[in-house]
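After the structure tokens below, expect a handful of questions from me.
Residue numbering restarts at 1 for every chain, and letters A, B, ... go by the order of the sequence lines. No experiment lies behind these values; they were computed from the predicted model shown.
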Protein chains: 2
Amino acid sequence: MERRGRQQKDALKIHLLNFDRTHGIHYDPRMQLTLYTDYSLRALLYIGRTPDRLVTISEIADFYGVSRNHMVKVIHHLGSIGYLTTIRGKAGGVRLARPAGEIRISEVVQATEPHMDLQECFNPHTNTCPLTGDCRLKGVLYQARAAFMGVLAGQTLADLLPPSLEP
Amino acid sequence: MERRGRQQKDALKIHLLNFDRTHGIHYDPRMQLTLYTDYSLRALLYIGRTPDRLVTISEIADFYGVSRNHMVKVIHHLGSIGYLTTIRGKAGGVRLARPAGEIRISEVVQATEPHMDLQECFNPHTNTCPLTGDCRLKGVLYQARAAFMGVLAGQTLADLLPPSLEP
DNA sequence: CATAAGATGCATTTACAATATATGTTATGG
DNA sequence: CCATAACATATATTGTAAATGCATCTTATG
């Protein structure tokens with residue numbers, strides 16, 4: 001609510017599907033990463049920028065001014081898939097479980113953005129489009145998605161940290 | 001509801017943010033185009049495949065088995081931005097307003113997918129991330145998005161039609 | 001002029017991202 | 001050894017907007 005709420009309260013809101021040519025305002029995208037992925041990347045950035053000590057979830061959430069509950073789940077997930085070492089108990093906290101140079105951004109996005117079916121036809125289980133099989137659009141969208149992920153595959157967390165933190 | 005509804009009723013549903021490691025099921029993406037864009041592209045495909053006559057909105061909606069209401073708005077919008085010629089009245093219908101080879105897929109997506117802010121920091125008006133300005137992630141995501149759109153920019157509607165329809 | 005087509009606005013539903021709450025588990029430091 | 005501070009986990013609630021439905025208007029033709 002926080003993030004999009006402000007935007008939506010300020011703006012005249014006419015949904016695209018309920019498009020009103022007298023106002024002609026378009027808003028609200030879908031080609032976006034979830035806030036969950038956003039927070040995952042931000043958490044890694046923060047932790048990567050603080051390599052000398054453990055950081056707590058509260059610290060990260062406070063820094064970004066976001067819900068601690070969200071961050072708890074983000075951190076837990078990143079820990080469970082091997083990006084973070086989490087240490088319970090008093091004086092606990094989290095740190096990177098691998099060198100920043102080995103954390104590939106495309107992999108983080110894939111791990112946090114469960115699937116990236118751009119269109120209905122990407123999921124054969126739910127697809128209903130009768131053109132499937134005789135339609136070249138899907139292939140093109142696949143290529144586009146591959147190009148997108150290809151850029152992210154060329155970057156690691158280390159590449160995204162400030163130069164001063166480079167080894 | 002139709003499209004995602006089926007998928008969601010069949011599957012065990014545990015939201016990623018409410019991730020449950022005992023089940024461990026991830027679902028529900030966000031890196032996807034809106035159904036609105038989906039329908040826009042499908043409508044263009046159908047109309048492009050029927051170059052010899054006018055087609056009606058009902059015909060398109062029936063073909064794909066989707067809401068006619070949706071399709072009405074999609075067609076109207078595509079008409080208002082110059083992709084379609086719409087003809088009212090009895091014996092009316094729609095046809096392409098330009099040759100299929102001049103309808104660039106990237107432009108259709110941009111016209112129907114209003115903005116594509118992958119992350120909060122893409123919109124300076126609502127951004128709250130304190131790293132902005134000292135964070136290299138945004139630039140990388142920009143590059144990735146550009147790569148995505150670049151692939152779509154290399155394709156026109158004509159490229160997506162069956163070979164038999166090529167001039 | 002009845003009818004079949006698109007145009008338009010508004011109301012409703014539903015999904016789910018986001019958030020909140022509650023409680024459990026672990027480990028340390030005094 | 002236990003109070004406390006940290007992460008772990010499950011469930012419930014909320015808010016937004018995508019998706020859909022419905023009603024009516026406008027246009028043109030056979």
Salt bridge (Lys or Arg N to Asp or Glu O under 4.0 Å) partners of B:Glu59, counting only residues at least two apart: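 Once residues adjacent in sequence are excluded, the partners of B:Glu59 under the salt bridge (Lys or Arg N to Asp or Glu O under 4.0 Å) criterion are B:Arg53.
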
With B:Phe63, which residues qualify under side chain to side chain contact (heavy atoms under 4.5 Å, CB included), at least two apart?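 In terms of side chain to side chain contact (heavy atoms under 4.5 Å, CB included), with neighbours along the sequence ignored, B:Phe63 is linked to A:Pro130, A:Leu131, B:Tyr46.
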
Provide, to the nearest angstrom, the distance between the NE2 atom belonging to B:His76 and the C1' atom belonging to D:dC25.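 About 13 Å, once rounded to whole Å.
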
OP1 or OP2 of C:dA7 less than 4.0 angstrom from a side-chain nitrogen or oxygen of B:Thr86, does that happen here?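 Looking at the OP1 and OP2 atoms of C:dA7, one of them is under 4.0 Å from a side-chain N or O of B:Thr86.
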
Please name all residues satisfying side chain to side chain contact (heavy atoms under 4.5 Å, CB included) with B:Ala100, sequence neighbours left out, ordered by chain then number.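 In terms of side chain to side chain contact (heavy atoms under 4.5 Å, CB included), with neighbours along the sequence ignored, B:Ala100 is linked to B:Leu96, B:Leu157, B:Ala158, B:Leu161.
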
OP1 or OP2 of C:dT19 sitting under 4.0 Å from any side-chain N/O of A:Arg68?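 For A:Arg68, the contact criterion (side-chain N or O under 4.0 Å from OP1 or OP2 of C:dT19) is not met.
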
In whole angstroms, how far is the C1' atom of C:dA20 from the CG atom of A:Leu35?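 A:Leu35 atom CG is separated from C:dA20 atom C1' by 15 Å.
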
What is the distance, to the nearest angstrom, from the CE atom on A:Met71 to the P atom on C:dT19?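 Distance, rounded to whole Å: 11 Å.
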
Extract from the structure each pairing of a protein N or O with an N or O of nucleotides 27-29 of chain C at less than 3.5 Å, listing the distance.
none

Please classify the nucleic acid contact of A:Gly93 as base, sugar-phosphate, or nothing, using heavy-atom distances under 4.0 Å.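 A:Gly93: backbone/sugar contact only, no base atoms under 4.0 Å.
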
Nucleotide C:dT19, atom P - distance to OH of A:Tyr64 in whole Å: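 To the nearest whole Å, that distance equals 16 Å.
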
Contacts of type salt bridge (Lys or Arg N to Asp or Glu O under 4.0 Å), residue A:Asp52, not counting sequence neighbours: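 In terms of salt bridge (Lys or Arg N to Asp or Glu O under 4.0 Å), with neighbours along the sequence ignored, A:Asp52 is linked to no residue.
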
Find the distance B:His70:NE2 to C:dG6:P and express it as a whole number of Å.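 About 17 Å, once rounded to whole Å.
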
Which nucleotide sits closest to the side chain of A:Lys73: D:dC7, C:dG6, D:dA10?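 Out of D:dC7, C:dG6, D:dA10, the nucleotide with an atom closest to A:Lys73's side chain is D:dA10.
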
Would you kindly give the CG-to-P distance between B:Leu54 and C:dG6, to the nearest whole Å?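 From B:Leu54 CG to C:dG6 P: 9 Å.
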
Any pair with a residue in residues 76-89 of chain B that passes salt bridge (Lys or Arg N to Asp or Glu O under 4.0 Å), sequence neighbours left out, goes on the list, sorted by first then second residue, please.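 Output for this query is empty, none listed.
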
Looking at D:dT20, I'd like to know if its phosphate oxygens (OP1 or OP2) sit under 4.0 Å from a side-chain N or O belonging to B:Tyr39.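 Yes, because at least one side-chain N or O of B:Tyr39 sits under 4.0 Å from OP1 or OP2 of D:dT20.
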
Quick check on DNA chain C: between B:Ser58 and A:Asn69, whose nearest nucleotide comes earlier from the 5' end?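 Nearer the 5' end of the strand: B:Ser58.
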
